[in-house]
J.: 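I'd like to ask you about the structure that follows.
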Amino acid sequence: MGAPFDISFVLSFLPKLLSTLGITLLIVVCALVSGIIVGFFVALPRLYKVPVLKNLSEIYISFFRGTPVLIQLFLFYYGLPEILKLVHIDVTRAPVLFFVILTYGLHTGAFMSEMIRASVMAVDKGQVEAAYATGMTGFQAFTRIILPQALAIAVPVFSNLVLALLKDTSLAFTLGVMEMTGKAQTLGALTQHFIEAYLALALIYLVISFTIEKLLLVAERRLMRHEVRDNPEKRTFGIQKNKSFRRIIAELESGKGGVGL
Amino acid sequence: MKLDPSFIWTAFVQLLGAVPTTLYITVVSVLVGFIIGTAVALIRIYKVPVLYPIAVAYVTFIRGTPMLTHLLLIYFGLPVLIDGLSAYFGWSFRSVNMPMIGFAYISFSITAGAYMSEVVRSGLLAVDRGQIEAAHSVGMTTPQALRRIVFPQALAASLPNLSNSVIGMLHGSTLAFTVSVVDINAKAEIVASTNWKFFEAYVAAALIFWGLTVLIERLTAVIEKRINLYNRGGVV
Amino acid sequence: MIKLSNISKAFGRNQVLNNINLTVTKGEVVVILGPSGSGKTTLLRCVNYLEKPGDGEIAIGDFSVNCKHARKKDIHQLRQKTAMVFQQYNLFRHKTALENVMEGLLVVKKIPKEDAKQRSIALLEKVGLGNKLDAYPSQLSGGQQQRVGIARALALEPEVILFDEPTSALDPELVGEVLAVIRKIAKEGITMIVVTHEMGFARDVANHVVFMDGGVIVEEGTPGEVFNHPREERTKQFLKRITPELNYSI
């Protein structure tokens, strides 16, 4: 199975793989942006308990969380053109990348909506009451009081979702998109040095994951600067405990628990 | 190519044959992953020397890279390792004797182990310190306290995450097609390409996965209700 | 003048407030007493519509809201005429003490930033927190947080400040500092409605005491009347139960 292991191939593969990093990141960023927008609109009916729309949101979330992203990729790639054909829209010539970004966007959107909902609901009810008591309108209370606090709460989950999305994009090769994983496969087949190719691939993913995680940690610290850290006083123990617990939970509860395909 | 709704049912029936394979992969990886994960979590909580940095590196690597790369690395790397060792020690076992699904079992268990360790760790950390102190105060040893007091509470606390992990592994098992294991996903591809009905086949596959996922979620809810009987606090 | 007329409120089948009438004249300090579950906090929260009354009318000055058909605009206006100090302080967690006090001035009253800042600093100094302007709520003790909460309410220059058990969540040793601040502003002639369990405080700060039980006002009068010569049996029972606290005064 392949040529004997040679570490120098790992190094020579790195720049070749990095040349396709752009595609991977393009998918991640586009899917992320559309995911946030979709997530926001899916979360709203559930937050404000809008009848019918709320149920539709729930079905949407259940489906995208309930099926593997790989299946979703195939479903949209093969299904969307056929369904649109029924209403006489021809997308058979649309680039594969379009279907890939669409799928990942909708997939991430389901998780984003859960993140948004959970974060907004995690903001203390007293905060909203205080905002109203101060004389703010509902809109002012949402944008000035709830949103900034919800944002801080959401960051750990968001970080997790970005990492999951990054890792999920490794499946885009199944539709023939030449992103990093696809490139690694090509390089492996070309040189018969598969192990080296996949090691180099794993290394790059690792570095990107690590960087994203650290960046978002910095963002979280900034957004969370209003919460006391490392206060030795016993009184704040409750907050401290909640916070660390929240972080750990957030690292998992995105529902992308063991996924990260 | 025209949409053929009735074929969804045909495909559905054909895909059912591949459900056991998917379930085998999921169950094996979850069970082995849970054992690995518990060990790794305890190593990290008790900061066992030597093993601690290894555990951290393992979790970081697995969580930082796609599951697909784990599978590919095992698939291409393990045979080299096995054959090398066999040649060295003169064993008769060769990697070609290994069934393909073995690679999926091993690789997915390693993946699950890292994620499970985080689940177990968060569950253990969620248990109040006072619980262990109380256990010690009535004369229990640390292993007794862990087994009788901490683990049951940790299990209850981590049930939602555990369920998410199982679902994650169920969905992750679709990667098995890369090592030619015929799970639901691979079967869908076969059914799709032999009948030239791709969309219908994948709709059927999606429905099966959706159903299985909802089933896992429902089961979790039932177990959670039972396990959390003691937990009915007055906290709103 | 604040006038509550025929206020009723039910949670499901549970009638929490039953036809409450209460008049508060300008500059008066009204203390509402009563056992837990008597509806006193609900009544207070109805005044600024954090709780939606089922029926009745709320009038502040010549502005009035009919609870049967209150419009969004009315509720908003009502809230601008009132301010509230919460049991759990409810300071905006992501804002400093100064920003908490400024928030209403900037967003609701639309006062220029520099002006708002000066006024807020003056108020924080008044409650004894001139040295904590840039502290976040999580860095303040409960007593300090509640004093910021009072400054935040004062900043809005409302017609009335509603105090919802302002010292109940505090450690005993921090109660005094908060009561001292409330006492100080009471002397300045600011209209207040206070729900509290601090009998000593009620006795010497209130102009008017209201005793509630079971969603109705059982008895009301001057502190002297209600505390020393209660007419109703329920009031006597309640006061007897908390007598040890009666002697406790700060």
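Each chain gets a letter, A, B and so on, in the order the sequences are listed, and its residues count up from 1.
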J.: In Å and rounded to the nearest 0.5 Å, what is the CG to OG distance from B:Leu72 to A:Ser170?
T.: 9.0 Å

J.: So does B:Leu68 get a backbone contact from the side chain of A:Lys167, meaning a donor-acceptor N/O pair under 3.5 Å?
T.: no

J.: Looking at CD of A:Glu82 and CD of B:Glu200, how far apart are the two atoms once the value is rounded to the nearest 0.5 Å?
T.: 6.0 Å

J.: I need the B:Ile74 CD1 to A:Ile195 CD1 distance, nearest 0.5 Å.
T.: 10.5 Å

J.: Hey, which of B:Phe199, B:Phe177, B:Phe209, B:Trp210 has the most heavy atom pairs under 4.5 Å with chain A?
T.: B:Trp210

J.: Which heavy atom of A:Leu206 sits nearest to which heavy atom of B:Phe61, and what is that distance?
T.: CD1-CA, 3.7 Å

J.: Out of curiosity, B:His171 NE2 to A:Leu70 CG, how far, rounded to the nearest 0.5 Å?
T.: 11.5 Å

J.: So does B:Tyr24 have more than 12 non-hydrogen atoms from other groups sitting under 6.0 Å from OH?
T.: no

J.: Could you tell me whether the side chain of B:Tyr202 reaches within less than 4.5 Å of the side chain of A:Leu75, counting heavy atoms only?
T.: yes

J.: Specify whether A:Phe194 and B:Phe76 have parallel, tilted or perpendicular ring planes, treating 30° as the upper limit for parallel and 60° as the lower limit for perpendicular.
T.: parallel

J.: At a heavy-atom distance under 4.5 Å, which candidate from A:Tyr77, A:Phe210, A:Phe63 has the highest pair count against chain B?
T.: A:Phe63

J.: Going by heavy atoms in the side chains, are B:Thr65 and A:Leu201 under 4.5 Å from each other?
T.: no

J.: I want to check something: taking the side chain as every heavy atom from C-beta on, are B:Thr213 and A:Thr67 in contact at a cut-off of under 4.5 Å?
T.: no

J.: Checking heavy atoms, do the side chain of A:Ser62, its backbone, both or neither come under 4.5 Å from chain B?
T.: both

J.: Within this structure, what is the CD1-CD1 distance for the pair A:Ile71 and B:Ile208, rounded to the nearest 0.5 Å?
T.: 9.0 Å

J.: Using heavy-atom distances under 4.5 Å, tell me whether B:Ala112 contacts chain A through its side chain, its backbone, both, or neither.
T.: neither

J.: What part of A:Ile83 is in contact with chain B, defined as an atom under 4.5 angstrom from a non-hydrogen atom: side chain, backbone, both or neither?
T.: side chain

J.: Checking heavy atoms, do the side chain of A:Phe64, its backbone, both or neither come under 4.5 Å from chain B?
T.: neither

J.: Tell me, side chain or backbone of B:Val214 under 4.5 Å from chain A's heavy atoms, or both, or neither?
T.: side chain

J.: Is there a side-chain contact between B:Met67 and A:Leu171 in this structure, where contact means two heavy atoms from C-beta onward sitting under 4.5 Å apart?
T.: no

